[in-house]
Amino acid sequence: MGLLIATPNNSHNEGESRSKYMINPTANNSYQLSLFEFIGLLMGCSIRTGAHLALDLPAMLWKQIVGQDIGNGDFEEIDVKFCEYAKGIIECPNE
């Protein structure tokens, strides 16, 4: 179905949370969007009934759902290499 994809940490086999999956940003056709809606309904039902729904998604996604602030550690959980590159650019001397 292509709704979820492995995180870059999973693909590169480095960093923490290598077993996590993230939402596929290219999953945007009407069928896939209806499947996302269905997953949302399942999440709502599991919350209301107390049933466990095992979705191994990064903390960043859950924090966005509940309105918590996202920090650098949340990005590192998904893609350590990107965070290293971004830190190198930020700390690059002005010369």
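Here, residue 1 is the first one in the sequence, and each next residue gets the next number.
Checking side-chain atoms of N9 against main-chain N and O of V80 turns up a donor-acceptor pair under 3.5 Å. The main-chain N or O of I5 is never found under 3.5 Å from a side-chain atom of N24 such that the two would form a donor-acceptor pair. The closest donor-acceptor contact from the side chain of N10 to the backbone of T7 lies at 3.5 Å or more, if one exists at all.
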**Prompt:** Do L55 and W62 pass the side chain to side chain contact (heavy atoms under 4.5 Å, CB included) test, and can you show the C-alpha distance, the side-chain angles, and the key distance before you say yes or no?
**Reply:** CA-CA 10 Å; L55 287 175; W62 297 115; 4.0 Å; yes
**Prompt:** Between N72 and K87, is a side chain to side chain contact (heavy atoms under 4.5 Å, CB included) present by the stated rule, with each step listed?
**Reply:** CA-CA 10 Å; N72 290 340; K87 186 177 179 182; over 6 Å; no
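Of all heavy-atom pairs spanning E77 and M60, the tightest one is OE1-N, 4.2 Å. Shown here for M22 and A6, the closest heavy-atom pair between the two residues is CG-O, 4.4 Å. Minimum heavy-atom separation, G2 to A27: O-CB, 3.7 Å. Across all non-hydrogen atoms, the minimal contact from L3 to F36 is O-CZ, 3.6 Å.
Both L42 and Y31 belong to a single network of hydrophobic side chains, linked directly or stepwise wherever heavy atoms of I, L, V, M, F, W or Y lie under 4.5 Å apart. Grouping the Ile, Leu, Val, Met, Phe, Trp and Tyr side chains by contacts below 4.5 angstrom, directly or via other members, places Y21 apart from F82.
Annotation: the span from L53 atom CG to I47 atom CD1 amounts to 9.0 Å, rounded to 0.5 Å. Note that CG of D79 is 8.0 Å distant from CD of E14, once rounded to the nearest 0.5 Å. Separation of atoms CG (N28) and CD1 (I23) is listed at 12.5 Å; rounding is to 0.5 Å. Of the inter-residue distances, the one linking H12 atom NE2 with R18 atom CZ reads 12.0 Å to the nearest 0.5 angstrom. Note that the SG atom of C83 and the CG atom of D74 stand 9.5 Å from one another [nearest 0.5 Å]. Between the CG atom in L61 and the NZ atom in K63 there is a gap of 12.0 Å [rounded to 0.5 Å].
When the shell of 6.0 Å around CG of D56 is examined, it contains more than 12 heavy atoms from other residues, nucleotides or ligands.
Annotation: side chain of F75 is in contact with side chain of I70 (closest heavy-atom distance under 4.5 Å). For the pair K20 and I78, the minimum side-chain heavy-atom distance is 4.5 Å or more.
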